[in-house]
Enquirer: 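Take a look at this one; I'll ask things after.
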Amino acid sequence: MELLKERIRQDGLVIDEHVLKVDQFLNHQMDIALINEIGKEFRRIFKDHDITKIITIEASGIGIACIAAQYFNNVPVIFAKKSKSINIEGDVYWVDVKSYTHKQEYNVILSKKFLNENDTVLLIDDFLANGCALSGLIEIVREAKAKLVGAGIVIEKTFQEGGKTIRNMDVRVESLVKVKSLKGNVVEFDD
Ligand code: G4P
């Protein structure tokens, strides 16, 4: 997505070889016009599916998923919750996730009343790095026996393992931009 690449070149901040900061327009301050274009692009990519729910994970995925949902007939957005608690209560799907980036463990939780085998799901998130959170969401969708059409990712860092891991789980991953390197303070795209 050329518009997004341009914006990353203009306003993205390379923190180090691993981290690209996009808080100017995506995950702190949000540029709604840009995110609308992101939503339209996800719709174009996944237009052949009758999606009934969009699922993301708190926090940064929520705003993007909500805007995108407007291009999918206003389907509901469910954001999975992260919790450090080991006391899981109620009728919920939950998985234990170990974040490689943050070197911590947490639970990803989603209420069973919002997801079942009649659902067709699109996952949406801002970044795909090591993919721990995303693989947790996939486990939950599979446990619910819902149909998973794929994952729409805004920025995939292809020098990290997430893309490979998730595609190896037989999940379609569509990333709007792929960053292959952040070395030397320069953002290099895959194509
Ligand atoms: P993990 O397996 O190492 O946990 O990787 P994952 O892909 O799940 O990413 C971990 C967290 O780090 C995610 O946010 C993700 O959005 C964020 N992240 C990864 N790489 C970058 C990057 O280059 N730039 C920025 N800005 N964020 C990155 P999170 O912990 O789920 O939190 P939230 O921001 O959504 O609340």
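Counting starts at 1 for both ligands and their atoms, following the listed order.
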Enquirer: Should we count NZ of Lys5 as having more than 12 external heavy atoms under 6.0 Å?
Expert: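 Enclosed.
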
Enquirer: Which one holds for Asp126 and ligand 1: side chain close, backbone close, both close, or neither close, with close meaning a heavy atom under 4.0 Å?
Expert: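 The answer is the side chain of Asp126.
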
Enquirer: Looking at Ile55, Ile54, Ile62, Ile124, which hits side-chain contact (heavy atoms from CB on, under 4.5 Å) with Phe79?
Expert: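 The single option meeting the side-chain contact (heavy atoms from CB on, under 4.5 Å) with Phe79 is Ile62.
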
Enquirer: Quick test of your reading of the structure: of Phe79, Tyr106, Phe127, whose heavy atom lies closest to atom 25 (C) of ligand 1?
Expert: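 Selected option, by shortest heavy-atom distance: Phe127.
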
Enquirer: Between the side chains of Thr52 and Asp119, does any donor sit under 3.5 Å from an acceptor?
Expert: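 Thr52 vs Asp119: donor-acceptor pair found between side chains.
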
Enquirer: Considering Gly61, Gly12, Gly162, Ala59 one by one, which has a heavy atom nearer to atom 36 (O) of ligand 1 than any of the others?
Expert: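 Of the listed residues, Ala59 has the closest heavy atom.
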
Enquirer: Counting neighbours of NZ on Lys147 that are heavy atoms of other residues, nucleotides or ligands and sit closer than 6.0 Å, is the number greater than 12?
Expert: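 Atom NZ in Lys147 is not crowded, with 12 or fewer foreign heavy atoms closer than 6.0 Å.
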
Enquirer: For atom 13 (C) of ligand 1, what is the closest protein heavy atom, and at what distance to 0.1 Å?
Expert: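 Here the closest protein heavy atom is His102 NE2, 4.7 Å.
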
Enquirer: Which atoms from ligand 1 have a heavy atom of Asn27 less than 4.0 Å away?
Expert: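 Here the atoms of ligand 1 in question are 26 (N).
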
Enquirer: Assess whether salt bridge (charged side-chain N to carboxylate O under 4.0 Å, His left out) is satisfied between Lys40 and Glu37, documenting all intermediate values.
Expert: CA-CA 5 Å; Lys40 287 181 202 168; Glu37 294 307 314; 3.0 Å; yes

Enquirer: Looking at Lys157 and Ala129, what are the two nearest heavy atoms and their distance?
Expert: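 Minimum heavy-atom contact is CE-CB, 3.9 Å.
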
Enquirer: Can you find an N or O of Asn130 that's nearer than 3.5 Å to an N or O of ligand 1?
Expert: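 Min N/O separation from ligand 1 is below 3.5 Å for Asn130.
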
Enquirer: Does the protein put a heavy atom less than 4.0 Å from atom 11 (C) of ligand 1?
Expert: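 So far as the 4.0 Å threshold goes, atom 11 (C) of ligand 1 is in reach of a protein heavy atom.
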
Enquirer: When you measure from atom 1 (P) of ligand 1 to every protein heavy atom, which one gives the shortest distance, and what is it?
Expert: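 Of the protein heavy atoms, Thr101 OG1, 3.5 Å lies nearest.
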
Enquirer: Does Lys82 reach ligand 1, in the sense of a heavy atom lying below 4.0 Å from it?
Expert: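 Yes.
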
Enquirer: Closer than 4.0 angstrom: is that true for some heavy atom of Ile57 and an atom of ligand 1?
Expert: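 Per 4.0 Å heavy-atom rule, Ile57 does not contact ligand 1.
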
Enquirer: Is the NZ or CZ atom of Lys180 both under 6.0 Å from the centre of the six-membered ring of Phe159 and within 45° of that ring's axis?
Expert: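 Geometry flag: not set, cation outside 6.0 Å or 45°.
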
Enquirer: Determine whether the side chains of Tyr71 and Asn36 contain a donor N or O and an acceptor N or O closer than 3.5 Å.
Expert: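 Yes.
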
Enquirer: Using a 3.5 Å cut-off on N or O atoms only, is Ala129 in polar contact with ligand 1?
Expert: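 Such a contact does occur with ligand 1.
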
Enquirer: Any atom of ligand 1 sitting under 4.0 Å from a heavy atom of His18?
Expert: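 Right, His18 reaches ligand 1.
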
Enquirer: Starting from atom 20 (N) of ligand 1, locate the nearest protein heavy atom and write down its residue, its atom name and how far away it is, to 0.1 Å.
Expert: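 It is Lys157 NZ, 2.7 Å.
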
Enquirer: Need the ligand 1 atom indices (1-based, order shown) with element for anything under 4.0 Å from a heavy-atom of Ala133.
Expert: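 Answer for ligand 1: 8 (O).
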
Enquirer: First locate atom CG of Leu122, then atom OG1 of Thr56, and finally report the distance between them rounded to the nearest 0.5 Å.
Expert: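 Rounded to the nearest 0.5 Å, the CG-OG1 separation comes out at 9.5 Å.
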
Enquirer: Suppose we measure from atom 4 (O) of ligand 1 to each protein heavy atom; which comes out shortest, and what is that distance?
Expert: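 Scanning the protein heavy atoms, the shortest distance from atom 4 (O) of ligand 1 goes to Ser99 OG, 2.8 Å.
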
Enquirer: Taking all atoms of both residues into account, what is the closest heavy-atom pair of Asn27 and Asp23, and its distance?
Expert: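 Closest approach of Asn27 to Asp23, heavy atoms only: OD1-CA, 3.5 Å.
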
Enquirer: May I have the step-by-step check of salt bridge (charged side-chain N to carboxylate O under 4.0 Å, His left out) for Glu41 and Lys47, ending in yes or no?
Expert: CA-CA 10 Å; Glu41 188 63 11; Lys47 65 178 180 312; over 6 Å; no

Enquirer: Please state which protein non-hydrogen atom is closest to atom 24 (N) of ligand 1 and give its distance, to 0.1 Å?
Expert: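 For atom 24 (N) of ligand 1, the nearest protein heavy atom is Leu20 O, 2.6 Å.
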
Enquirer: Can you check atom 17 (C) of ligand 1: any protein non-hydrogen atom closer than 4.0 Å?
Expert: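 Answer no: nothing from the protein, no heavy atom, is under 4.0 Å.
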
Enquirer: Compute the shortest N/O to N/O distance between Cys132 and ligand 1 and return yes if it is under 3.5 Å, no if not.
Expert: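 It does: an N or O of Cys132 is found under 3.5 Å from an N or O of ligand 1.
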
Enquirer: Can you list the atoms of ligand 1 that are under 4.0 Å from a heavy atom of Ser60?
Expert: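 Atoms satisfying the 4.0 Å criterion: 33 (P), 34 (O), 35 (O), 36 (O).
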
Enquirer: To check you understand the geometry: which heavy-atom pair defines the closest contact between Ala68 and Phe42, and what is its length?
Expert: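 Closest approach of Ala68 to Phe42: CB-CD1, 4.4 Å.
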
